[in-house]
Amino acid sequence: PFSFEDHDSDDDSYEVLDLTEYARRHHWWNRVFGRSSGPVVEKYSVATQIVMGGVTGWCAGFLFQKVGKLAATAVGGGFLLLQIASHSGYVQVDWKRVEKDVNKAKKQLKKRANKAAPEINTLIEESTEFIKQNIVVSSGFVGGFLLGLAS
């Protein structure tokens, strides 16, 4: 049987692996993952980064626009049908109960949002760092995204 008392746990026993040094020593790593495992800035020219960011941004913006229109149409149409059915007498809506349930849901969302604040802050910090490291691709993406929304 395994016992925690018998096992030594030294932090010194772990080895830190530097991927840049590892890639220099192992040529297969270079063939699989390219010349550099760092940010995009080190791999491609500025023009290529702008084109990559612009194309992916345009695709994301175009899809966001189409999905947004579809969702707005579905939600709006659902509310319109509900109002027509309510006005015609087919459906009786208990609006006080709806309001009570919505307020209850808002309270639960606030509690969950307060619990998730550290994870959200970490995600924001990581996203900011990525954008700083890849500023050309990021700016191309934002421009493409706005063009995609407009098309």
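All values below come from the heavy atoms of this structure, side chains included, with hydrogens, waters and symmetry mates left out.
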W95, V91: one ILVMFWY side-chain cluster at the under-4.5 Å cut-off?
yes

Interatomic spacing from NZ in K69 to CD in Q65 - rounded to 0.5 Å
4.5 Å

What heavy-atom pair brings G61 and L149 nearest, and what distance separates the two atoms?
O-CD2, 3.5 Å

F64 and F145 aromatic centres sub-6.0 Å
yes

Would you say V142 ends up clustered with I135 if hydrophobic residues are merged whenever their side chains have heavy atoms under 4.5 Å apart, either directly or through other cluster members?
no

If we only count heavy atoms from C-beta on, is the V51 to Q49 side-chain gap below 4.5 Å?
no

How long is the span from the CG atom in D94 to the CD atom in E99, to the nearest 0.5 Å?
10.5 Å

For T56 and F141, work out which heavy atoms get closest and say how close.
OG1-CD1, 3.5 Å

Quick one: pull up CG in L63 and CH2 in W58 and give me the separation to the nearest 0.5 Å.
8.0 Å

Side-chain heavy atoms of K104 within contact of Q108, under 4.5 Å:
yes

Could you give the distance from CG (L123) to OG1 (T128), rounded to the nearest 0.5 Å?
9.0 Å

Counting N and O atoms only, with roles assigned by atom type, does the side chain of S86 sit under 3.5 Å from a partner on the main chain of L82, one being a donor and the other an acceptor?
no

Interatomic distance, CD1@I50 vs OG@S139, rounded to 0.5 Å, equals 6.0 Å

